[in-house]
Visitor: 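Quick one: the structure is below, questions incoming.
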Amino acid sequence: MADDRVLGIAMTPLTRRRLRNFRANRRGFWSLWIFLVLFVVSLGAELIANDRPLLVRYGGAFYVPVLVEYPETAFGGFFESEADYRDPAVRDLITADGWMLWPPVRYSYDTVNRALDVPAPAPPGADNWLGTDDQGRDVVARLIYGFRISVLFGLALTALSSVVGVAAGAVQGYFGGAIDLYFQRFIEIWSGLPVLYLLIILSSVVEPNFWLLLGIMLLFSWMALVGVVRAEFLRARNFDYVRAARALGVNNAVIMFKHILPNAMVATLTFLPFILNGSITTLTALDFLGFGLPPGSASLGELLNQGKANLQAPWLGLTAFFVLAVMLSLLIFIGEAVRDAFDPRKTFK
């Protein structure tokens, strides 16, 4: 209650009640914190898993290889190209007159471990904590970078599709009539298009990347919230306060997005964690099938595909499975807590 009184300076009693309901769902509350910690940690992936040191002390000067590319000549070498800090010769040059501070994982997502004692994929060991994939790349590093890109893709797709879906549903529900009728027929036709086949065709013409894939998925994912928002606007457009606003000459856009939309967003917000879950699953499925991010990108779906192709290396498939299971479970638990928070029938002490 103490934190409610502190935050209550800028919050209404309804908002405080929703926050209490959210915290009362302990599973969802702690899932939110766990997910936020994992996501924030993954945002600094370059500081956790990298094939370049975080800090180098050489010749009395400090260098930051994780941020700046230095030639080998800066450390007494012979080549003008960027220094390979994993090269024993470069390492000996630096340690002879200084030191290097490495991140916990000395591999980036695309670093190939060429010093393996066994053919790739190598099993977990002291150097590669979760082993390597079939190209000799560290699994831990690819998991950290893959987690980050999956969540960022899911957040971007959820945000953009929500904006488009809410706007489309608002226009349909508020104006109704012919606009609603024709828009509904368009959605029925558009939702029936074979998305996977279109992605296969496009991937054979152009090489997919993060932004192109995001744009293609946005073309078909915006329909998730249209029905909910449309129903809320259809219900609210004949309320007395909306009729009064029309009679006073208030602009339709102001009525839609200032007066009706806040009420419609209550139902919309409860769907967002589940839409985020679906967005991440979609990217993982496309990467698994080979129609997602460019080859070589850090991807959980690509790691699952490697697990399928290398059954003799069970750590690949099991690692990707457990990471995806934990991530998606956390999002589902968060979604359940958000649903409870906005449910007017649930009141927790």
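Atom set for the values below is all heavy atoms of this structure, side chains included, hydrogens, waters and symmetry mates excluded.
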Visitor: For Leu101 and Val56, what are the C-alpha separation, side-chain angles and deciding distance, and is it a side-chain contact (heavy atoms from CB on, under 4.5 Å)?
Guide: CA-CA 6 Å; Leu101 177 63; Val56 170; over 6 Å; no
Visitor: Closest approach of Leu283 and Ile149, non-hydrogen atoms and distance?
Guide: CD2-O, 4.3 Å
Visitor: Report whether Leu330 and Phe322 are members of the same hydrophobic cluster (ILVMFWY, side-chain heavy atoms less than 4.5 Å apart, transitive linking).
Guide: no
Visitor: Considering non-hydrogen atoms only, spot the tightest contact between Gln135 and Val112 and give its length.
Guide: O-CG1, 3.4 Å
Visitor: Rounded to the nearest 0.5 Å, how far does CG of Leu157 lie from OG1 of Thr282?
Guide: 7.5 Å
Visitor: Anything under 30° is parallel, anything over 60° is perpendicular, the rest tilted; go ahead and classify Tyr58 against Tyr63.
Guide: tilted
Visitor: Heavy atoms only: give me the nearest Ala120-Thr132 pair and the separation to one decimal.
Guide: CB-OG1, 4.2 Å
Visitor: Do any N or O atoms from the side chain of Asn25 and from the backbone of Gly28 form a donor-acceptor pair under 3.5 angstrom?
Guide: yes
Visitor: Given 3.5 Å as the limit, does a donor-acceptor pair link the side chain of Arg237 with the main chain of Ile260, or not?
Guide: no
Visitor: Exactly one of Leu304, Asn305, Asn310 should register a side-chain contact (heavy atoms from CB on, under 4.5 Å) with Lys308. Which one does?
Guide: Asn305
Visitor: How about Asp117: does its CG atom have over 12 heavy atoms from other parts shown lying under 6.0 Å from it?
Guide: no
Visitor: Please enumerate all residues that pass side chain to side chain donor-acceptor pair (under 3.5 Å) together with Arg148, with sequence neighbours excluded.
Guide: Glu46
Visitor: Are Val66 and Val41 co-members of a hydrophobic cluster defined by side-chain heavy atoms under 4.5 Å apart?
Guide: no
Visitor: State plainly whether one hydrophobic cluster holds both Val163 and Met217, where clusters connect Ile, Leu, Val, Met, Phe, Trp and Tyr through side-chain heavy atoms under 4.5 angstrom apart.
Guide: no
Visitor: Starting at OG1 of Thr158, measure out to CD1 of Ile275 and round the result to the nearest 0.5 Å.
Guide: 6.5 Å
Visitor: Using side chain to side chain donor-acceptor pair (under 3.5 Å) as the criterion, list what pairs up with Thr111, not counting sequence neighbours.
Guide: Asp51
Visitor: Heavy-atom distance under 4.5 Å between the side chains of Tyr145 and Ser108, does that happen here?
Guide: yes
Visitor: Which value, rounded to the nearest 0.5 Å, describes the distance between Leu324 atom CG and Leu143 atom CG?
Guide: 9.0 Å
Visitor: Around atom CH2 of Trp102, are there more than 12 heavy atoms of other residues, nucleotides or ligands at under 6.0 Å?
Guide: yes
Visitor: Just wondering, more than 12 heavy atoms not from Trp33 lying within 6.0 Å of its CH2?
Guide: no
Visitor: Is there side-chain contact between Leu55 and Met100, with heavy atoms separated by less than 4.5 Å?
Guide: no
Visitor: Donor-acceptor pair, distance only, cut-off 3.5 Å: does the side chain of Arg52 make one with the backbone of Tyr85?
Guide: no
Visitor: Tell me every residue that passes side chain to side chain donor-acceptor pair (under 3.5 Å) with Arg235, counting only those two or more places apart in sequence or in another chain.
Guide: Glu232
Visitor: For the atom pair CD1 (Ile34) and OG (Ser329), what is the distance rounded to the nearest 0.5 Å?
Guide: 11.0 Å
Visitor: Following the transitive rule for hydrophobic clusters with a side-chain heavy-atom cut-off under 4.5 Å over Ile, Leu, Val, Met, Phe, Trp and Tyr, establish whether Val40 and Leu331 coincide in one cluster.
Guide: no
Visitor: Taking the side chain as C-beta and beyond, is there a heavy-atom pair between Asn50 and Arg106 under 4.5 Å?
Guide: no
Visitor: Do the ring planes of Phe35 and Phe39 sit parallel (below 30°), tilted (30 to 60°) or perpendicular (above 60°)?
Guide: parallel
Visitor: Can you give me the closest heavy-atom contact between Pro123 and Val118, atom names plus distance?
Guide: CD-CG2, 3.8 Å
Visitor: Within the structure provided, determine whether Glu82 and Glu72 are in side-chain contact (heavy-atom separation under 4.5 Å).
Guide: no
Visitor: Quick one, Thr319 and Phe321 - any side-chain contact, counting heavy atoms below 4.5 Å?
Guide: no
Visitor: Can you label the angle between the Phe220 ring and the Trp190 ring as parallel, tilted or perpendicular, going by 30° and 60°?
Guide: parallel
Visitor: Hey, mind stepping through Phe175 and Met256 against side-chain contact (heavy atoms from CB on, under 4.5 Å) and telling me if it holds?
Guide: CA-CA 10 Å; Phe175 293 103; Met256 291 170 60; 4.0 Å; yes
Visitor: Below 30° counts as parallel, above 60° as perpendicular, anything between as tilted: where do the rings of Phe153 and Phe210 land?
Guide: perpendicular
Visitor: Would you mind writing out the side-chain donor-acceptor pairs for residues 286-303 within the sub-3.5 Å range, not counting sequence neighbours?
Guide:
unit_1 : atom_1 : unit_2 : atom_2 : d
Asp287 : OD1    : Leu293 : N      : 2.7
Asp287 : OD2    : Ser299 : OG     : 2.7
Ser297 : OG     : Pro294 : O      : 2.9
Ser299 : OG     : Gly301 : N      : 3.2
Ser299 : OG     : Glu302 : N      : 3.1
Glu302 : OE1    : Arg142 : NH2    : 3.2
Glu302 : OE2    : Arg137 : NH2    : 3.4
Glu302 : OE2    : Gln306 : NE2    : 2.9

Visitor: Between Pro121 and Gln312, is there a side-chain heavy-atom distance shorter than 4.5 Å?
Guide: yes
Visitor: side-chain contact (heavy atoms from CB on, under 4.5 Å), that's the test. Do Ile187 and Trp222 meet it? Break it down for me.
Guide: CA-CA 10 Å; Ile187 290 178; Trp222 60 269; 4.0 Å; yes
Visitor: What distance do Leu155 atom CG and Ser150 atom OG have between them, rounded to the nearest 0.5 Å?
Guide: 10.5 Å
Visitor: Does CZ belonging to Phe79 count more than 12 external heavy atoms closer than 6.0 Å?
Guide: no
Visitor: Counting C-beta onward and ignoring hydrogens, is there a side-chain heavy-atom pair between Ser162 and Leu225 closer than 4.5 Å?
Guide: yes
Visitor: For residues 119-130, which residue pairs pass the side chain to side chain donor-acceptor pair (under 3.5 Å) check, not counting sequence neighbours?
Guide: Tyr107-Asp127, Asn113-Asp127, Asn113-Asn128, Asn128-Asp138
Visitor: Would Arg57 pass as a cation-pi partner of Phe62, given that its NZ or CZ must be under 6.0 Å from the six-membered ring centre and within 45 degrees of the axis?
Guide: yes
Visitor: Provide the closest heavy-atom pair for Arg91 versus Arg86 in the form atom of the first, atom of the second, distance.
Guide: NH1-O, 3.3 Å
Visitor: Verify side-chain contact (heavy atoms from CB on, under 4.5 Å) between Arg246 and Ile255, making sure each step is shown before the conclusion.
Guide: CA-CA 8 Å; Arg246 285 202 196 100; Ile255 297 175; 3.8 Å; yes
Visitor: Is it the case that more than 12 heavy atoms not belonging to Phe186 sit under 6.0 Å from its CZ atom?
Guide: yes
Visitor: Of all heavy-atom pairs between Trp211 and Asn209, which one has the smallest distance, and what is that distance?
Guide: N-OD1, 3.1 Å
Visitor: Less than 4.5 Å apart, any side-chain heavy atom of Leu54 and any of Val64?
Guide: no
Visitor: Out of curiosity, Ser279 OG to Leu218 CG, how far, rounded to the nearest 0.5 Å?
Guide: 10.0 Å
Visitor: Same cluster or not: are Leu272 and Ile332 linked, directly or through other Ile, Leu, Val, Met, Phe, Trp or Tyr residues, by side-chain heavy atoms under 4.5 angstrom apart?
Guide: no
Visitor: Surrounding CZ of Phe233 (heavy atoms of other residues, nucleotides or ligands, distance under 6.0 Å), is the total greater than 12?
Guide: yes
Visitor: List the residues meeting salt bridge (charged side-chain N to carboxylate O under 4.0 Å, His left out) with Glu188, not counting sequence neighbours, and say none if there are none.
Guide: Arg185
